[in-house]
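Notes follow the structure.
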Amino acid sequence: MEKAYDPKQTEEKIYNLWSKSGYFNPDKLPVSKSSKPKAQSYAILLPPPNITGSLHMGHALNATIIDILIRFKRMRGLGAVCLPGTDHAGIAAQNAVEKELKKNGVSRFDLGREKFIQAVWEWKEKYGHIILGQLKKLGLSADWSRTRFTMDPKYSEEVKKAFIHYHEKGLIYRGERVVNWCPRCQTSLSDLEIEYQEEKSHLWYLRYNLKSQISNFKYIVVATTRPETMLGDAAVAVNPQDKRYQDLIDQKVILPISPYEGSPEGRQNREIPMIADKAIDPDFGTGAVKVTPAHDLLDAEIAQRHNLPFYKIIDEKGRMTKLAGPGFEGLKALEAREKIIEELKNRNLIEKTEDYNHNVARCYRCQAKIEPIPSQQWFLKMPALAKMAEKAVRSRKTEIIPKKFEKTYFDWLKNIKDWCISRQIWWGHQLPVWQCHCQTGSNSEFRILNSELGHQELKNNFIVSLTKSVKKCPTCHSEYQQIPDVLDTWFSSALWPFAELARNDLKKFYPSAVLVTDRGIINLWVTRMIFSGLEFFSREPFAKTFIHPTVLTKEGKRMSKSLGTGVNPLDLIEIFGADATRFGIIWQMMSNQDIHWDETAVLAGKKFCNKIWNAARFVLQQNEKTKISLPAREPKPKTAADKKILKQLKTARKSTADDIENFRFGHALRTIYDFFWHQFCDVYLEKSKSQIINPKTRKTTKTILFYVLSQSLSTLHPFMPFVTEEIHQNFPSKKQKLLMIAKLN
RNA sequence: GGGCUUAUAGCUUAAUGGUAAAGCGCGUCGUUGACAUCGACGAGAGUGCAGGUUCGAUCCCUGCUAAGCCCACCA
């Protein structure tokens, strides 16, 4: 053995050794005759990284935890397996490829749908597997023979089947709703897919004249952050309790700039009603709010309650529509804003302007400002599914650890809204829905009705089918076409626990033992997997969900690639080695507090690798001089020191195992670290030198040294697999080929 | 606006109802066969601030301050 441990000489070699053994696949684990014929399964799903991703600290932490659990359970004789794969990452992947194409001045529309999708596939073949290779470098012992992708043929079929299942149950409807629209990605987004960012802006106080003077009022002042939306106003609302405005309720207000031609009323100076609605906060602004049903989620709700018309004045590209009127049509929303402010100023209709910070909704994939617009979308009814999901956790059939995260889960389910599952991008699972062109009819921009197609109407107007329909349209006799929308990526991710498991695997690996993930996707992913699992298999998809800490910068800020505050785990592996990197990550994982990243922990890991290496070198050198075989059982101690170290070993191993079972990984690692370094190396190993000189204690001492080393290695192996395996390979005994499957009690 | 969490050595974090421990860093000393990626010894905090409970609090409770996270339709 070399004088110092060199991860570069070891890691690839050892990983290949493991791969060749086949033991990442639990079906290939050796079955000893004495043990039960079929080992109990212990499965963990790897949260599938996006094909666009490259490894970051979050992945590294996640994969290290999973690997510790898998290796630990495997060594305890279970059929342990980590099921890996990647996610097609709808919007993210589409954006990545669009960006790539843009370098050559090509847009996805230049290519057309079919060729664009082809390009994404090519891109996926080229880059999609990189991240899994990076996880191998970290030592992840996943069963790569079972690697899945969310757009594999079988997976895609399961996704469509799930949609059809929901449809047949009457849980799917299509409706025109005000949705979160990303003008850059050109698609709708669910509420969970938008992020808020504070932005300095203004609050404009606008005067809307009353049709006729009432009490002392000639006009009413409304406060708004988006004056341009006034072109689509349908009412002015106040709180029903607001004493100031009691006389004004149900009176008419004249919209100072209203669309001219083509408005439904066919006249200028649109009159809009004053209404009373409980959603209005009397303390904000003037307590009077302009209501723009088509371009604000809250206003849309108010409009529904009061049967107000929806004027769609902003289109999917963020430009003003024809309905906005001449002079505005075709302008960007911000340009329209300036023009409106100028005109109002000239007409002395701006009471005042205040500075105002407010939260702007942004797309979680491209950061463009979200534009709420009315749009035809497909929805999944959530109340029944939410109830099921809630019950599963309340009844402890599936458990969220730490418990505090249950709140995130329950809160979301309590305020659940129907899930907008259709997206207008091209990369993803196209809805298994066919429609005839003659029915496609364009949306009327003039007056949007809050239409909803329920189950029966859907059946009449669309064909929902797994395969292409051959039916001809009864009206025009042409063929039905598949509608262009694709499903929300998270709709397919929700099926991950079962969607591509072979039938045999399904029996073995569903439900899985534990889901290990980040708190950021509790509702986006975990909750949806739980209700999907219950819906399709009547069983929770995993017994436990372990929410691990988030890795933050040393200052406690979010790591961000764009700010350059991210730490690349691959750099750490390159400098310190994979074991040291894993050590450094886990070392910092105490009490489930977020980690304020400290690289010196990785340095400590590197030093520890070397310490283990050299202690092993000493022990094995003793072994060269006198052939000592590894005792199967605890050797009999002869001295007080012997007795003490054996006791300490036992205590440390027990404590470490308990900690792993309870997800206290940092504590587990410190326990075994302290034992190995301070009790074994500092004390016993030094003491052994004199005991070896004495012929009376020579043999037992060497035996105990070997025994304690071997037991320490197996305890350490889940945390630091490479160095421990490498040392194990240097053992003289050929009895046990791989430490990876050595028995750990 | 609501909720959650945290505050301990220079830094990142442990621990305990009876005055605190580790890693990294720092200082002094030490290279005769496990390891200088090491060893020995040492300096360094009285546990954010203010109250309360208690014989006694860093640990329990309340308030404050600061930071972070999540949720929310305040225009």
Side-chain angles (χ1 to χ4, degrees), chain A residues 1-6 178 180 191-192 196 201 203-206 222-227 229 233 236-237 239 277 279-292 295-302 356 358-359 361 372 402-412 414-415 417 519-520 522-523 549-550 552-558 576-577 580 583-584 587-622 666-667 669-671 673-674 677-678 681-682 685-686 688-689 705 709:
Chain A
M1 285 170 80
E2 298 291 322
K3 200 169 173 183
Y5 172 65
D6 180 6
V178 176
N180 304 305
D191 292 338
L192 291 174
Y196 287 91
S201 176
L203 196 54
W204 286 272
Y205 288 75
L206 313 179
V222 296
T224 180
T225 53
R226 300 191 64 194
T229 61
D233 281 359
V236 170
N239 189 288
D277 193 284
I280 307 304
D281 174 4
D283 296 329
F284 185 88
T286 60
V289 183
K290 58 192 270 320
V291 180
T292 319
H295 299 288
D296 184 282
L297 264 22
L298 176 62
D299 289 3
E301 273 178 40
I302 294 173
Y356 185 66
H358 71 142
N359 288 327
K403 201 163 182 289
K404 65 177 175 183
F405 290 112
E406 281 184 0
K407 203 175 154 17
T408 308
Y409 180 86
F410 289 135
D411 282 357
W412 188 65
K414 208 166 102 191
N415 303 312
K417 285 197 269 180
R519 64 172 129 80
I522 292 176
N523 293 317
T550 304
L552 305 171
T553 67
K554 199 164 192 168
E555 291 73 35
K557 305 266 186 221
R558 214 175 181 105
F576 301 101
F583 177 101
W587 183 257
Q588 296 180 68
M589 200 188 141
M590 304 297 299
S591 310
N592 280 307
Q593 291 308 315
D594 282 348
I595 292 170
H596 289 198
W597 182 254
D598 179 15
E599 194 172 291
T600 64
V602 184
L603 177 65
K606 185 180 155 75
K607 290 182 175 186
F608 189 43
C609 285
N610 202 56
K611 191 72 184 176
I612 300 167
W613 181 259
N614 278 294
R617 219 155 62 90
F618 173 76
V619 173
L620 296 179
Q621 271 169 16
Q622 301 312 312
H667 197 265
L669 181 57
R670 277 167 205 240
T671 301
Y673 173 91
D674 282 337
W677 199 308
H678 301 301
C681 292
D682 289 353
L685 207 138
E686 291 306 323
S688 76
K689 289 172 185 171
L705 278 174
L709 173 70

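In what follows, every heavy atom counts, from backbone to side chain, and hydrogens, waters and symmetry copies are set aside. Throughout, protein chains are lettered first and strands after them, A, B, ... in sequence-line order, and every chain is numbered starting at 1.
- Note on L603(A): only backbone sugar-phosphate atoms sit closer than 4.0 angstrom, heavy atoms only; bases stay farther off.
- Of the candidate nucleotides A34(B), U37(B), A67(B), A67(B) has the atom lying nearest to any side-chain atom of K557(A).
- Both H678(A) and A288(A) lie near RNA chain B, and the one whose nearest nucleotide falls closer to the 5' end is H678(A).
- Atom-to-atom distance recorded for Q588(A):CD and T600(A):OG1 is 7.0 Å, nearest 0.5 angstrom.
- Minimum atom distance to the side chain of I280(A) is reached by A75(B), of the listed A75(B), C4(B), A72(B).
- Between K3(A) and G33(B), a side-chain N or O to OP1/OP2 separation shorter than 4.0 Å is absent.
- For the pair K607(A) and C35(B), the criterion of a side-chain N or O lying under 4.0 Å from OP1 or OP2 is not met.
- At whole-Å resolution of the value, NZ in K554(A) and P in G68(B) are 18 Å apart.
- Between Y673(A) and F583(A), the ring-plane angle classifies as tilted under the 30° and 60° cut-offs.
- Distance K417(A) NZ to C71(B) P: 13 Å, rounded to the nearest Å.
- Between C681(A) and A604(A), the residue anchored closer to the 5' end of RNA chain B is A604(A), taking for each the nucleotide with the nearest heavy atom.
- In this entry the distance linking CG of D682(A) with P of A34(B) reads 14 Å, nearest Å.
- In terms of polar N and O atoms assigned as donor or acceptor, the side chain of K611(A) comes within less than 3.5 Å of the base of C35(B) in a complementary pairing.
- For I302(A) and C74(B), the CD1 to C1' distance is 10 Å, given to the nearest whole Å.
- In this structure, CG in D411(A) is found 11.0 Å from CD in E406(A), a value given to the nearest 0.5 Å.
- For C70(B), the OP1/OP2 oxygens have a side-chain nitrogen or oxygen of R558(A) closer than 4.0 Å.
- Contact annotation: H596(A) reaches the phosphate of U13(B) (side-chain N/O to OP1 or OP2, under 4.0 Å).
- Taking atom CG of D598(A) as the reference point, atom P of G25(B) lies 11 Å away to the nearest angstrom.
- Side-chain atoms of T286(A) come within 3.5 Å of backbone N or O of A288(A) as a donor-acceptor pair.
- D296(A) and K290(A) are not joined by a salt bridge, as no carboxylate oxygen comes within less than 4.0 angstrom of a charged side-chain nitrogen.
- Among the atoms of the strands shown, none is found under 4.0 Å from any heavy atom of K290(A).
- Rounding to the nearest 0.5 Å places CZ of R617(A) at 13.0 Å from CG of L709(A).
- Regarding contacts with the backbone of G39(B), a side-chain N or O of W677(A) is found under 4.0 angstrom from either OP1 or OP2.
- The strand RNA chain B forms stems, runs of 3 or more Watson-Crick or G-U wobble pairs with distances below 3.5 Å, at B:1-7 with B:65-71, B:10-13 with B:21-24, B:26-30 with B:38-42, B:48-52 with B:60-64.
- D281(A) comes within 4.0 angstrom of a base, heavy atoms only.
- D594(A) has its CG atom 12 Å from the P atom of G68(B), to the nearest Å.
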I'd like a list of close polar pairs between nucleotides 14-16 of chain B and the protein, N/O only, cut-off under 3.5 Å.
residue, atom, partner, partner atom, Å
A14(B), OP1, M590(A), O, 3.3
A14(B), OP1, S591(A), OG, 3.2

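- Using a 90° window around 0 for the glycosidic torsion, G42(B) falls outside it and is classed as anti.
- Atom CG of D299(A) is separated from atom P of C73(B) by 13 Å (rounded to the nearest Å).
- If you measure from atom CG of N614(A) to atom P of G33(B), you get 14 Å, rounded to the nearest angstrom.
- Between Y356(A) and the phosphate of A75(B), there is a side-chain N or O to OP1/OP2 separation shorter than 4.0 Å.
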